[in-house]
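One structure is given here, and the rest of the page talks about it.
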Amino acid sequence: MKKAIVVVDMINDFVTGKLGGPRAQKIVPNVAALLKKGRKLGIPVIYLRDSHTPSDKEMGIWGEHAMKGTQGSEIIPELKPEKTDVVIEKRWYSGFVDTKLPETLKKTGADTLVLVGVSTDICVQNNVAHAYFSGYKTIVPDDCTASIDEESYEQSLKYMKNIYGTEIMKSDSVL
Ligand code: ZN
């Protein structure tokens with residue numbers, strides 16, 4: 001099993017900004033610890049970063065958020081990417097659409113993706129789905145992901161486990 005870590009939307013708008021909140025903030029130290037351990041083990045770290053233009057479909061659903069070139073779409077300072085990491089901007093829930101993520105993952109040789117970040121039921125789940133369609137095994141550490149409320153979080157974890165065979169575990173046993 002060769003792993004890669006995919007960090008989903010740990011950006012200012014979704015953690016401390018207008019769509020953020022205490023649930024997203026609570027996972028930051030766990031994600032930081034996992035990334036630190038991953039880098040030490042030589043596991044590739046790929047950040048996905050919502051980065052929208054005004055014509056994006058999501059504008060009609062959520063209104064303006066994570067606009068390209070703004071502070072809101074920057075990765076939070078606590079999880080600042082390192083030189084060896086890859087950062088990919090995305091315009092859809094799934095980072096596999098219209099980006100270099102598929103080829104970036106292929107180059108790593110990974111067969112298993114560890115997905116962390118927010119929101120569990122939106123971008124994390126859609127990336128898990130797309131990873132599944134692309135042939136990857138998926139692992140989601142439940143202490144490294146969050147939704148706006150407990151119900152959405154619980155339902156999404158259950159859905160990913162049942163439908164995509166995602167392994168749900170604690171972050172300290174993932175790597
Ligand atoms: Zn978005």
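Remember, predicted model here, so these are calculated numbers, not experimental data. The first residue in the sequence is number 1, and the count goes up from there. In each ligand, atom 1 is the first atom listed, and ligand 1 is the first ligand listed.
L115 belongs to a hydrophobic cluster whose other members, connected by ILVMFWY side-chain contacts under 4.5 Å either directly or through intermediates, are V6, V8, I46, L48, V86, I88, F96, L101, L105, L113, V124, V128, Y132, F133, Y136, V140, Y153, L157, Y159, M160, I163, Y164, I168.
Salt-bridge annotation for D143 and K170: absent, with no side-chain N of the basic residue lying under 4.0 Å from a carboxylate O of the acidic one. Salt-bridge annotation for D111 and K137: absent, with no side-chain N of the basic residue lying under 4.0 Å from a carboxylate O of the acidic one.
Atom CZ of R23 and atom OG of S152 lie 8.5 Å apart (nearest 0.5 Å).
Other residues, nucleotides and ligands contribute over 12 non-hydrogen atoms within 6.0 Å of the CD atom of E150.
Looking only at protein N/O/S atoms, the ones less than 2.8 Å from the Zn ion (ligand 1) make 4 in total.
For an aromatic pair to be called close, the ring centres must be under 6.0 Å apart, and Y93 with H130 fails this.
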